[in-house]
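A quick write-up on the structure given underneath.
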Amino acid sequence: MSSRYYEVYEAWRRDPEGFWAEAARDLVWTKPWDRAFDPDLGVYGRWFVGAECNTAYNCLDRHVAEGRGSQTALIYDSPVTGQTARFSYEELTAEVATLAAVLLKHGVGKGDRVIVYMPMVPEAAVAMLACARIGAIHSVVFGGFAARELATRIDDAKPKMILTASCGIEPGRIVRYKPLLDEAIALSASKPDACLILQRPMEAAPLIEGRDFDWAASVAAAKATGERAECVPVAATDPLYVLYTSGTTGQPKGVVRDNGGHMVALKWSMHALYGIRPGEVFWAASDVGWVVGHSYIVYGPLLHGCTTILFEGKPVGTPDAGTFWRVIAEHGVAALFTAPTAFRAIKKEDPQGKLIGKYDLSGFRTLFLAGERADPDTVQWAERMLNVPVIDHWWQTETGWAIAGNPVGLGTLPVKYGSPTVPMPGYEIHVLDEAHNEVAPGRMGAICVKLPLPPGCLPTLWGNDQRFRDSYLKEFPGYYATADAGYRDEDGYLYIMARTDDIINVAGHRLSTGAMEEVLASHPDVAECAVIGISDAMKGQVPAGFIVLKAGVNRDVAEIEKEVVQLVRDKIGPVAAFKIVITVGRLPKTRSGKILRGTMRSIADGEDYRLPATIDDPAILDEIGAALKARGIARAV
Ligand code: COA
Ligand code: AMP
């Protein structure tokens with residue numbers, strides 16, 4: 001079948017407003033828009049101005065009203081607890097309406113922020129949708145972040161309430177959330193009025209009288225009296241959520257997502273990009289703490305009337321590398337979306353794919369990969385093993401949905417390994433050089449999106465228009481700078497090769513090396529430091545820290561390095577996967593004192609590099625190479 005992609009992309013180009021207004025007809029609006037796009041509002045314009053809607057209504061009540069009430073909306077599959085549970089659209093609506101009533105009772109209303117710091121349990125999705133139902137703005141914080149990261153988000157979002165659980169479960173250990181919550185609240189200047197705590201049977205948490213409330217008891221009380229909150233119409237331009245993501249400093253960026261544009265973009269993507277029909281089972285094996293979890297565990301599949309899967313487990317070790325195939329077979333998954341690192345982990349454990357044969361995957365149609373570069377080896381391995389198309393697509397927390405992809409629903413384009421294929425309608429991509437000129441096909445440049453951004457993308461950063469302008473719009477006037485570098489080939493296929501800032505991608509998780517450097521520098525014995533991302537066969541990249549000790553420090557170096565590792569775990573969290581620290585005598589720098597992190601990374605990865613003309617002392621690079629070699633980082637030359 002030939003693809004309709006080019007025709008659809010052209011239709012968008014000819015009339016962007018008409019294109020998205022047409023897509024918006026798939027949703028229920030309580031008030032129609034005055035203008036599909038108003039260029040004079042917001043930082044670069046706003047979508048669906050004047051319209052009113054409710055995202056939770058479109059995810060839930062609407063489907064019940066249209067006859068999907070008894071269809072399964074959400075399947076909770078938790079190999080780490082041995083549990084599974086199913087919620088029909090009717091049941092999920094009831095759970096959401098009840099929790100929303102509990103929130104209202106605690107004084108949470110339209111525009112108030114609610115932090116959700118939860119493991120992968122159904123209540124996490126219920127919490128998000130309950131906020132959406134009453135027009136409150138949720139901010140989900142990934143469970144693998146430490147108290148200080150949570151505190152930073154509390155101080156920025158100033159939540160009225162925090163919703164959490166007593167614990168999360170990582171293979172082999174229980175992660176107690178409550179001490180992290182208490183520490184975060186102690187650290188933050190802004191205090192929530194109340195916390196709702198979901199007590200999990202594996203480990204109950206002591207509650208603080210007057211501040212903490214038991215989730216189950218609160219919900220049971222509301223159910224007993226039949227309390228349900230109705231959907232509150234909000235402006236399409238009102239925020240649905242704020243999701244913090246790593247920026248170039250320790251201060252994360254609060255990416256704002258609105259209600260109207262977000263619904264339109266996600267609903268469109270479900271059929272055009274993912275090729276999914278309402279009623280089918282869609283599984284994003286991610287975490288609700290990441291954007292993939294927001295868009296494709298919770299909102300996208302539910303907006304589209306699909307069955308979504310909330311999976312509390314890992315691709316390997318829970319209990320084995322066949323878990324993904326078990327879930328696909330057991331629940332009739334039509335499409336799986338995950339990060340390439342999950343497949344690298346499976347491939348390492350079961351290179352021959354022996355476990356795949358144990359399951360009936362006949363209903364499985366497509367594998368989607370995103371979150372990091374999909375290396376051709378992994379893509380080809382997955383194709384061979386699963387015998388389905390493997391689709392790489394590229395996006396960011398900021399955009400909320402794919403910038404580039406291969407639109408399965410419009411007809412799949414030929415796959416080119418290493419490329420996430422072509423821009424989606426809504427995105428006019430330019431690859432620019434430093435002088436802001438378009439580079440020739442095949443030449444690397446900064447990948448930029450011509451403004452305005454399409455529906456679904458961030459309108460701004462929470463409470464900080466200026467930081468939004470400075471971070472994304474200033475360097476290339478008239479464009480949104482993605483901070484990804486890459487190129488386009490003669491056929492218009494994009495290749496995303498590297499970040500242009502200090503962000504690294506560890507197991508599909510976005511982390512700032514700058515934030516890690518801030519932590520290293522806070523150790524009393526550290527004079528100077530640098531953190532770089534080095535290649536890792538499974539996680540894509542892992543951070544490696546280099547420290548120079550203060551003069552006169554004569555403690556055991558191994559001891560100091562251990563403390564530094566622990567410090568990053570305590571301050572940022574285990575998700576940083578920060579395990580490598582190397583003490584060196586000095587760091588390579590330019591004559592003006594800039595640390596040559598890029599060159600250090602090339603040395604660690606065994607890549608060719610050019611000696612920077614401005615280098616202060618080239619001998620230091622040999623010292624770095626030797627230090628890496630001594631640490632067994634074999635690629636170092
Ligand atoms: N709460 C607390 N700790 C968490 C956590 C959470 N929600 N998630 C991860 N961690 C911890 C892990 O236990 C690990 O701790 P450790 O250092 O004590 O072992 C650490 O954070 C690093 O986690 P991770 O980088 O995920 O490594 P891992 O070895 O546990 O798992 C993969 C590696 C590849 C299996 C896993 O990252 C994965 O499944 N990734 C693909 C899917 C995905 O999450 N994509 C993200 C966006 S699409
Ligand atoms: P996040 O905001 O956590 O989703 O991370 C976004 C970043 O991950 C992007 O800016 C890219 O650097 C990287 N990324 C995501 N998807 C891809 C992909 N398909 N190919 C290459 N890089 C990707």
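None of the values given here were measured: they were computed from a predicted structure. FYI, side chains are in, hydrogens and waters are out, and symmetry mates aren't considered; it's all heavy atoms of this structure. Atoms within a ligand are numbered from 1 in the order they appear, just like the ligands themselves.
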* Structure fact -> Heavy-atom closest pair (G300 atom, L266 atom, distance to 0.1 Å) is N-CD1, 3.7 Å
* Asked: Would you call D375 and R344 a salt bridge, using N to O less than 4.0 angstrom?
  -> yes
* To do: Pull out every atom of ligand 1 sitting under 4.0 Å from any heavy atom of S286, numbered as shown with elements.
  => 47 (C), 48 (S)
* Got a salt bridge between E490 and K416, using NZ or NE/NH1/NH2 to carboxylate O under 4.0 Å? -> no
* To do: To the nearest 0.5 angstrom, please state how far the CD1 atom of I504 sits from the CD1 atom of I534.
  => 9.5 Å
* To do: Apply side-chain contact (heavy atoms from CB on, under 4.5 Å) to I185 and I154, showing your working.
  => CA-CA 8 Å; I185 294 176; I154 294 174; 4.3 Å; yes
* May I ask whether R344 places a heavy atom under 4.0 Å from ligand 1? => no
* Structure fact -> For atom 30 (O) of ligand 1, the closest protein heavy atom turns out to be K314 NZ, 3.2 Å
* atom 36 (C) of ligand 1 touched by protein heavy atom at under 4.0 Å -> no
* Begin with the C-alpha distance, continue with both residues' side-chain angles, and end with the deciding distance and a verdict on side-chain contact (heavy atoms from CB on, under 4.5 Å) for Y480 and C457. => CA-CA 11 Å; Y480 164 86; C457 293; over 6 Å; no
* Asked: Looking only at non-hydrogen atoms, which of R373, R510, H509 approaches atom 21 (C) of ligand 2 most closely?
  -> R373
* Just which atoms of ligand 2 are under 4.0 Å from any heavy atom in T397? -> 1 (P), 2 (O), 3 (O), 4 (O)
* Asked: Could an N or O of ligand 2 be found under 3.5 Å from any N or O of R499, whether backbone or side chain?
  -> yes
* To do: Carefully, step by step, assess V415 and T421 under the rule side-chain contact (heavy atoms from CB on, under 4.5 Å).
  => CA-CA 7 Å; V415 169; T421 320; 5.9 Å; no
* **Distance from atom 13 (C) of ligand 2 to nearest protein heavy atom, with residue and atom** => N505 ND2, 3.6 Å
* Structure fact -> Taking only non-hydrogen atoms of K579 and a 4.0 Å limit, the atoms of ligand 1 in range are 16 (P), 17 (O), 19 (O)
* Using 30° and 60° as the class limits, which term best fits the ring planes of W290 and H509: parallel, tilted or perpendicular? -> parallel
* ring-ring contact (aromatic ring centres under 6.0 Å, His included) evaluation trace for W283 with F311 -> CA-CA 9 Å; W283 177 25; F311 173 73; 5.2 Å; yes
* Structure fact -> Closest to atom 16 (N) of ligand 2 among protein heavy atoms sits G371 N, 3.1 Å
* Structure fact -> G508 heavy atoms within 4.0 Å reach ligand 1 at atoms 46 (C), 47 (C)
* In terms of residue, atom name and distance, what is the protein heavy atom nearest to atom 9 (C) of ligand 2? -> D484 OD2, 3.2 Å
* To do: Could you find the nearest protein heavy atom to atom 11 (C) of ligand 1 and give me its residue, atom name and distance?
  => R173 NH2, 3.5 Å
* Structure fact -> Closest to atom 40 (N) of ligand 1 among protein heavy atoms sits T341 CG2, 3.5 Å
* Asked: When the ring planes of H294 and H138 are compared, do they come out parallel, tilted or perpendicular, using 30° and 60° as the limits?
  -> tilted
* What atoms of ligand 2 come closer than 4.0 angstrom to any heavy atom of Q396? -> 2 (O), 4 (O), 6 (C), 10 (O)
* **ligand 2 N/O within reach of E398 N/O, cut-off under 3.5 Å** => no
* To do: Would you mind running through ligand 1 and noting each atom that sits below 4.0 Å from a heavy atom of A339?
  => 45 (N)
* To do: Answer yes or no for V175: is there a heavy-atom contact with ligand 1 below 4.0 Å?
  => yes
* Please identify which atoms of ligand 1 are closer than 4.0 Å to at least one heavy atom of P574. => 3 (N), 11 (C), 15 (O), 20 (C), 21 (O), 22 (C)
* Salt bridge or not for K314 and E170, using N-O below 4.0 Å? -> yes
* Considering only heavy atoms, does M120 approach ligand 1 within less than 4.0 Å through its side chain, its backbone, both, or neither? -> neither
* **Nearest neighbour in protein (non-hydrogen) for atom 18 (O) of ligand 1** => R569 NH2, 2.8 Å
* Proximal ligand 1 atoms for V575, defined as those under 4.0 Å from one of its heavy atoms -> 21 (O)
* Which ligand 2 atoms, with their elements, are less than 4.0 angstrom from a heavy-atom of I496? -> 21 (C), 22 (N)
* Could you check atom 18 (C) of ligand 2 against the protein and tell me its nearest heavy-atom contact, residue, atom and distance included? => E372 O, 3.2 Å
* Salt bridge R200-E312, side-chain N to carboxylate O under 4.0 Å -> yes
* Kindly give the heavy-atom pair with the smallest separation between M424 and Y9, and that separation in Å. => O-CE1, 3.4 Å
* **Atom indices of ligand 2 within 4.0 angstrom of H393 heavy atoms, with elements** => 16 (N), 18 (C), 19 (N)
* To do: Say whether L369, considering both its backbone and side-chain N or O atoms, lies within less than 3.5 Å of an N or O atom on ligand 2.
  => no
* Structure fact -> One finds that the ligand 2 atoms under 4.0 Å from a non-hydrogen atom of W395 are 6 (C), 9 (C), 15 (C), 16 (N)
* Identify, for atom 42 (C) of ligand 1, the protein heavy atom at the shortest distance, and state residue, atom and that distance. => A285 O, 3.7 Å
* Asked: Between W395 and Y296, is the ring centre distance below 6.0 Å?
  -> yes
* Asked: Counting distance only, does the side-chain N/O of Q83 pair as donor-acceptor with the main-chain N or O of S78 below 3.5 Å?
  -> no
* Nearest protein heavy atom to atom 9 (C) of ligand 1, by residue and atom, and its distance? -> E170 OE1, 3.5 Å
* Carboxylate-amine/guanidinium contact E517 R597, below 4.0 Å -> yes
* Which option, Y117, Y296, F343, F142, owns the non-hydrogen atom nearest atom 7 (N) of ligand 1? -> F142
* Structure fact -> Within the 4.0 Å heavy-atom cut-off, what P171 brings close to ligand 1 is neither
* Charged N to carboxylate O below 4.0 Å: is that the case for D433 and R443? -> no
* **Protein heavy atom at shortest distance from atom 28 (P) of ligand 1** => K539 NZ, 4.0 Å
* To do: Could you tell me whether atom 2 (C) of ligand 1 has a protein heavy atom closer than 4.0 Å?
  => yes
* To do: Please name the pair of heavy atoms, one in Y241 and one in V291, separated by the smallest distance, quoted to 0.1 Å.
  => OH-CG2, 4.1 Å
* Please confirm whether the backbone N or O of M538 pairs with a side-chain atom of T341, one donor and one acceptor, at under 3.5 Å? => yes
* Anything under 30° is parallel, anything over 60° is perpendicular, the rest tilted; go ahead and classify Y44 against F468. => tilted
* Answer yes or no for F337: is there a heavy-atom contact with ligand 1 below 4.0 Å? => no
* To do: On the 0 to 90° scale, with breaks at 30° and 60°, tag the F368-H393 ring pair as parallel, tilted or perpendicular.
  => perpendicular
* Asked: Any idea which of E372, R510, H509, E312 brings a heavy atom closest to atom 26 (O) of ligand 1?
  -> H509
* Asked: Going by the order shown, which atoms of ligand 1 are within less than 4.0 Å of some heavy atom of P315?
  -> 35 (C), 39 (O)
* Asked: What's the shortest distance from atom 6 (C) of ligand 1 to any protein heavy atom, and which residue and atom give it?
  -> G144 N, 3.5 Å
* Structure fact -> Quick note on ligand 1: atoms under 4.0 Å from a heavy atom of A342 include exactly 41 (C)
